[in-house]
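The sequence lines fix the lettering, A, B, ..., with proteins before strands; numbering per chain opens at 1. Keep in mind that this is a model prediction, so the values were computed, not measured.
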Number of protein chains: 2
Amino acid sequence: MASKGLMAATTKPLILTILSEGKNYGYNIIQQVKKISDGQLQWSDGMLYPVLHRLEKDGFISSEWIITTSDRRRKYYSITEAGKKELHVEREDWISLHSILKNLWGLKPTT
Amino acid sequence: MASKGLMAATTKPLILTILSEGKNYGYNIIQQVKKISDGQLQWSDGMLYPVLHRLEKDGFISSEWIITTSDRRRKYYSITEAGKKELHVEREDWISLHSILKNLWGLKPTT
DNA sequence: TTCTTATACGTAGAATATCAAGGTATGGTT
DNA sequence: AACCATACCTTGATATTCTACGTATAAGAA
């Protein structure tokens with residue numbers, strides 16, 4: 001529900017964070033995000049897949065097809081070492097930007 | 001110094017916040033941002049002006065030329081009512097997204 | 001005087017990104 | 001059979017960023 005700019009800023013760190021907790025696939029990542037955000041973030045698949053492809057192209061995640069018997073094919077993504085580093089950087093960036101905005105907005109530490 | 005995605009997400013709320021504290025002009029906004037962020041954010045002018053123009057086109061800010069004697073011309077921007085509302089929305093969005101990431105990352109309230 | 005730096009605004013264009021809309025296919029349920 | 005959920009993908013319109021460039025004046029240094 002957030003604005004475009006903010007949406008764009010959160011897709012990458014959110015995906016990397018979810019993958020840092022274990023391999024996962026596109027469709028399920030969408031469900032995870034919805035659950036984690038308490039329904040606030042409802043990603044469409046058409047929005048997610050291009051981002052996953054880009055992250056893979058950039059070397060932050062890797063993929064493998066897994067086909068279970070009597071199940072659908074799934075493309076599982078894993079975070080790479082480069083991806084872990086990237087996540088760390090994104091995290092630091094986010095925290096310092098939040099710190100700046102927090103000061104500007106005079107937010108209490110609890111928010 | 002932050003990533004492109006995060007930069008994009010902060011320009012709008014930062015500009016609106018600065019203007020909500022009083023009218024200001026492009027060149028000085030860049031200095032303000034640098035000061036506020038302790039040098040972390042160093043915006044270029046070529047990056048800021050298009051954003052200001054867009055915000056004005058969208059009705060969130062308004063502008064007026066001011067020429068002081070023995071001084072340069074300056075284009076002062078003011079936040080509009082619509083801009084104040086927009087800032088409020090952006091603020092809420094930011095706070096709720098931060099809350100989601102904070103939980104995911106297990107950050108302490110002080111961060 | 002002339003050069004440089006700081007102030008102050010702007011645009012063009014390449015590169016990048018978003019996101020809705022549409023497409024394919026299988027499994028399970030009614 | 002019909003329908004929904006699962007699961008992946010691409011295209012194309014639109015928007016956005018940001019580098020690089022251009023214009024101009026004032027102040028201070030060489």
Side-chain angles (χ1 to χ4, degrees), chain A residues 1-15 18 23-35 41-58 60-77 90 93 97, chain B residues 1-16 18-19 23-35 41-77 86 90 93 97:
Chain A
M1 294 303 189
S3 71
K4 284 187 186 181
L6 271 179
M7 279 296 297
T10 41
T11 45
K12 196 171 162 186
L14 266 179
I15 292 169
I18 287 169
K23 58 174 62 172
N24 214 326
Y25 59 100
Y27 194 86
N28 195 50
I29 290 174
I30 293 173
Q31 318 297 324
Q32 284 268 117
V33 167
K34 189 178 172 184
K35 192 181 158 196
L41 298 178
Q42 300 203 21
W43 290 355
S44 67
D45 54 351
M47 168 267 226
L48 176 64
Y49 291 119
V51 178
L52 287 173
H53 298 158
R54 180 166 53 83
L55 289 176
E56 184 170 26
K57 188 180 62 93
D58 292 344
F60 299 137
I61 61 179
S62 62
S63 66
E64 52 178 334
W65 282 102
I66 291 184
I67 305 168
T68 329
T69 41
S70 78
D71 203 356
R72 289 167 203 82
R73 64 185 186 137
R74 286 175 183 165
K75 199 175 191 177
Y76 275 82
Y77 288 94
E90 291 264 338
D93 285 349
L97 282 176
Chain B
M1 292 305 191
S3 71
K4 283 185 187 181
L6 271 179
M7 279 294 296
T10 41
T11 45
K12 197 171 161 185
L14 266 179
I15 292 169
L16 290 180
I18 287 169
L19 291 183
K23 59 174 62 174
N24 214 327
Y25 58 99
Y27 193 85
N28 195 50
I29 290 173
I30 293 173
Q31 319 296 325
Q32 282 269 116
V33 167
K34 189 178 173 184
K35 191 181 160 196
L41 299 176
Q42 300 204 20
W43 291 354
S44 66
D45 53 353
M47 168 268 226
L48 175 64
Y49 290 118
V51 179
L52 287 174
H53 298 159
R54 181 167 52 83
L55 289 177
E56 184 170 25
K57 187 180 64 91
D58 292 343
F60 298 137
I61 62 180
S62 62
S63 66
E64 52 178 333
W65 282 103
I66 290 185
I67 303 168
T68 330
T69 42
S70 78
D71 202 0
R72 287 166 205 83
R73 60 184 189 138
R74 286 173 183 165
K75 199 176 190 176
Y76 275 84
Y77 288 93
E86 182 72 5
E90 291 265 338
D93 284 349
L97 282 175

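At dC8(D), none of the side-chain N or O atoms of His53(A) fall inside 4.0 Å of OP1 or OP2 (strictly under the cut-off). Within the structure, every side-chain polar atom (N or O) of Arg54(B) is placed at least 4.0 Å from both OP1 and OP2 of dA15(D). The side chain of Arg73(A) places no N or O atom within less than 4.0 Å of a non-bridging phosphate oxygen (OP1 or OP2) of dA7(D). In this structure, Lys12(A) does not reach the dA17(C) phosphate: none of its side-chain N or O atoms is under 4.0 Å from OP1 or OP2. At dC8(D), one or more side-chain N or O atoms of Tyr49(A) fall inside 4.0 Å of OP1 or OP2 (strictly under the cut-off). Residue Tyr27(A) places none of its side-chain N or O atoms closer than 4.0 Å to OP1 or OP2 of dA5(D). OP1 and OP2 of dC9(C) both lie 4.0 Å or more from every side-chain N or O belonging to Tyr25(B).
Taking all atoms of both residues into account, the shortest heavy-atom contact from Gly26(A) to Leu48(A) is O-CD2, 3.3 Å. Here the closest heavy-atom approach between residue Leu19(B) and residue Tyr77(B) is recorded as CD2-O, 3.4 Å. Contact detail for Leu52(B) and Ile61(B): the closest heavy-atom pair is O-CD1, 3.4 Å. The nearest pair of heavy atoms linking Ile66(B) to Tyr76(B) is CD1-CD1, 3.7 Å.
Backbone-only engagement by Gly26(B) is indicated by non-hydrogen atom pairs under 4.0 Å involving sugar-phosphate atoms exclusively. Among the heavy atoms of the strands lying under 4.0 Å from Asp45(B) is at least one base atom, whether or not backbone atoms are also near.
Along DNA chain D, the nucleotide closest to Tyr77(A) and the one closest to Ser44(B) are compared, and the more 5′ of them pairs with Tyr77(A).
One interatomic measurement links the two molecules: NZ of Lys75(B) to P of dT23(D), which rounds to 19 Å at whole-angstrom precision. Computed from coordinates, the Leu55(B) CG to dT17(D) C1' distance equals 14 Å when rounded to whole Å. Between the CZ atom of Arg74(A) and the C1' atom of dT24(C) there is a distance of 18 Å, rounded to whole Å. Atoms CG (Asn28(A)) and P (dA7(D)) sit 7 Å apart, rounded to a whole Å. Atom CD1 in Ile29(B) sits about 11 Å away from atom P in dG10(C), given to the nearest Å. When rounded to the nearest whole Å, the span between OH of Tyr76(B) and P of dT7(C) equals 13 Å.
Legend: side-chain hydrogen bond (donor to acceptor under 3.5 Å, both in side chains) pairs involving residues 46-67 of chain B, not counting sequence neighbours, sorted by first then second residue: Lys23(B)-Glu64(B), Glu56(B)-Ser63(B).
Contacts of Tyr27(A) classified as ring-ring contact (aromatic ring centres under 6.0 Å, His included), with partners at least two apart in sequence or in another chain: none.
Under the 4.5 Å side-chain criterion, counting only non-hydrogen atoms from C-beta, Leu55(B) is not in contact with Glu86(B).
Proximity of residues 56-66 of chain B to DNA chain C (heavy atom under 4.0 angstrom from any strand atom) is restricted to Trp65(B).
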